[in-house]
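As the structure is a computational prediction, the values presented were derived from the model and not from experiment.
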Amino acid sequence: VITYNSAIAACASGGDWKKAGQLIDEMRRKGLKPDRYSYTSAIHACSKAGNPLEALRLLRAMDANNVTPDVIAMTACMDALAAGGKWSEAIMILDQMRSKGVTPNERTYKAAIQACGRGGQWQRALELLSRLENRASGATVQEYNCAMMACVTGGEPGRALDLLEQMKANKGGVNAGPDMVTYTSAIMACSSTGKWDRALSLLEEMREAGPRTQPNVRSYTAAIAACGRARKWEEAVALHSKLMEDGLSPDPASFNAVIRAARRGGQHKLSMKLLASMVESGLSPDAVTTGELISSLSDRGRWDEAQRVVQIAEKTGAIPP
RNA sequence: GCUUGACUAGUC
């Protein structure tokens, strides 16, 4: 059984949900009983492959075969559902845990909050967060972060910023103080409402708030995007330089953000220069970069060049053909 | 470091 489980775990790493399911069937044919590990790994494979319904099916199969799902199996299934935005199914499992006497842990709540966030249910996400806060163990920074993201993607950036304040107040409360992810999400909240200056001051605050909040490339990228959306291309370019002065390495996403900011500011030449320096840095343009370049050329009516870009991008694999 | 199982953020 353990040999099979190792093989299924390997399928999970590769996201090969079909093979994982086949291995479980094969175990049965040979008279072996798949256990919790077998099923959880198979569920994990579905999660990585973005197949929430198969994950749900496996959880039920587990139950039907008298392998009682435990908190890990159920949470793994909720993670798969969360990735697909299947919030009502995720909450159903949470409720089932209650009735079956399985105690949910922080990861379980995190999965439920994420499911609501991805499903556009920010109110329910906040509701789950406060339920967790009222438990003896309390909520950790990660659950707060997921709730913040739920607010940002749900079009409630003000509530995300409220959570940041709440977390700052929690500071003595050990594991619920803001971290780098918290601040990055807060910067995204500002970005969505055009508050580029607030985004910049949050970035500055991060640098001064201690070792757990030092900005990384993603924090900078979010701030660059905030400036870009507000048509502040000069600030965006300055941030991109500052990122490197800080000893951080730009990556395709950070370049995409600054290239887009330049284009939004009408700085086509600058965006081309940035694209060139991206390639000089040894970074490969991706699908987003390609889209940017095509938009930039189209803006200026250079349709045939845009066509050629599409062909080249297909050849190099930057975009699917 | 791994030693049969689960979890958070950036550009579009």
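A donor-acceptor contact closer than 3.5 angstrom links the side chains of A:Asn216 and A:Ser219. Counting only N and O atoms by type, the side chains of A:Thr221 and A:Ser254 include no donor and acceptor under 3.5 Å apart.
Between the P atom of B:A6 and the CG atom of A:Leu59 lies a distance of 16 Å, rounded to the nearest Å. Going from atom CE of A:Met27 over to atom P of B:G5 covers 14 Å, rounded to whole Å. When rounded to the nearest whole Å, the span between CH2 of A:Trp196 and P of B:G10 equals 23 Å. For A:Ile8 and B:U3, the CD1 to C1' distance is 17 Å, given to the nearest whole Å. Following rounding to the nearest Å, A:Ile93 (CD1) and B:A6 (C1') show an atom-to-atom distance of 12 Å. We find that CE of A:Met188 is positioned 15 Å from P of B:U8, with the value rounded to whole Å. One interatomic measurement links the two molecules: CD1 of A:Ile259 to P of B:C12, which rounds to 12 Å at whole-angstrom precision.
With sequence neighbours left out, A:Ala261 forms a side chain to side chain contact (heavy atoms under 4.5 Å, CB included) with A:Ala236. Shown here are the side chain to side chain contact (heavy atoms under 4.5 Å, CB included) partners of A:Asp35, two or more places apart in sequence or in another chain: A:Val1, A:Asn5, A:Tyr37, A:Ser38. With sequence neighbours left out, A:Gln307 forms a side chain to side chain contact (heavy atoms under 4.5 Å, CB included) with no residue at all. The ring-ring contact (aromatic ring centres under 6.0 Å, His included) search around A:Tyr183 returns none, not counting sequence neighbours.
Counting any heavy atom pair closer than 4.0 Å across all strands shown, A:Asn105 reaches a base atom. Heavy atoms of A:Ala222 sit under 4.0 angstrom from primed sugar atoms or phosphate atoms, though from no base atom. Here A:Val217 lies in heavy-atom contact (under 4.0 Å) with a base.
Listed by residue number, the members of residues 30-49 of chain A with any heavy atom below 4.0 angstrom from RNA chain B are A:Arg36, A:Tyr37, A:Thr40, A:Ser41, A:His44. Against RNA chain B, the stretch residues 231-254 of chain A makes heavy-atom approaches under 4.0 Å through A:Asp251, A:Ala253, A:Ser254. Residues from residues 284-321 of chain A placing a heavy atom under 4.0 Å of any atom in RNA chain B, listed by number, are A:Val288. In the region residues 70-81 of chain A, proximity to RNA chain B at under 4.0 angstrom, judged on heavy atoms, holds for A:Asp70, A:Ile72, A:Ala73, A:Thr75, A:Ala76, A:Asp79. If you check residues 126-150 of chain A against RNA chain B, the residues with a heavy atom closer than 4.0 Å are A:Gln142, A:Asn145, A:Cys146, A:Met149, listed by number.
Scanning both residues, A:Ala318 and A:Thr290, for their nearest heavy atoms gives CB-OG1, 3.9 Å.
The pair A:Lys168-A:Glu165 meets the salt-bridge criterion, with a side-chain N (NZ, NE, NH1 or NH2) lying under 4.0 Å from an Asp/Glu carboxylate O. Taking a cutoff of 4.0 Å between a charged side-chain nitrogen and a carboxylate oxygen, A:Glu54 and A:Arg57 qualify as a salt bridge.
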Could you go through residues 92-99 of chain A and list every donor-acceptor pair under 3.5 Å that involves a side-chain atom there, pairing it with any protein atom two or more places apart or in another chain?
| from | atom 1 | to | atom 2 | distance (Å) |
| --- | --- | --- | --- | --- |
| A:Ser99 | OG | A:Gln96 | O | 3.0 |

Enumerate donor-acceptor pairs with a distance under 3.5 Å from any side-chain N or O in residues 135-159 of chain A to protein atoms, sequence neighbours excluded.
| from | atom 1 | to | atom 2 | distance (Å) |
| --- | --- | --- | --- | --- |
| A:Arg135 | NH1 | A:Pro104 | O | 3.2 |
| A:Arg135 | NH2 | A:Pro104 | O | 3.1 |
| A:Thr140 | OG1 | A:Gln142 | N | 3.4 |
| A:Thr140 | OG1 | A:Glu143 | OE1 | 2.8 |
| A:Thr140 | OG1 | A:Glu143 | OE2 | 3.2 |
| A:Gln142 | OE1 | A:Lys110 | NZ | 2.4 |
| A:Glu143 | OE1 | A:Thr140 | N | 2.7 |
| A:Tyr144 | OH | A:Glu133 | OE2 | 2.4 |
| A:Tyr144 | OH | A:Asn170 | ND2 | 3.3 |
| A:Asn145 | OD1 | A:Thr182 | OG1 | 2.7 |
| A:Asn145 | ND2 | A:Val141 | O | 3.4 |
| A:Asn145 | ND2 | A:Asp179 | OD1 | 3.3 |
| A:Thr153 | OG1 | A:Met149 | O | 3.0 |
| A:Thr153 | OG1 | A:Ala150 | O | 3.4 |
| A:Glu156 | OE1 | A:Arg159 | NE | 3.2 |

Salt bridge (Lys or Arg N to Asp or Glu O under 4.0 Å), that's the test. Do A:Arg308 and A:Glu305 meet it? Break it down for me. CA-CA 5 Å; A:Arg308 280 185 50 213; A:Glu305 286 168 273; 5.9 Å; no
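In this structure, the side chain of A:Ser241 engages the main chain of A:Val237 through a donor-acceptor pair within 3.5 Å. For A:Ser191 (side chain) and A:Ile187 (main-chain N/O), no donor-acceptor pair under 3.5 Å exists by modelled atom type.
Listed by first residue number, the stems of RNA chain B with at least three Watson-Crick or G-U pairs below 3.5 Å amount to none.
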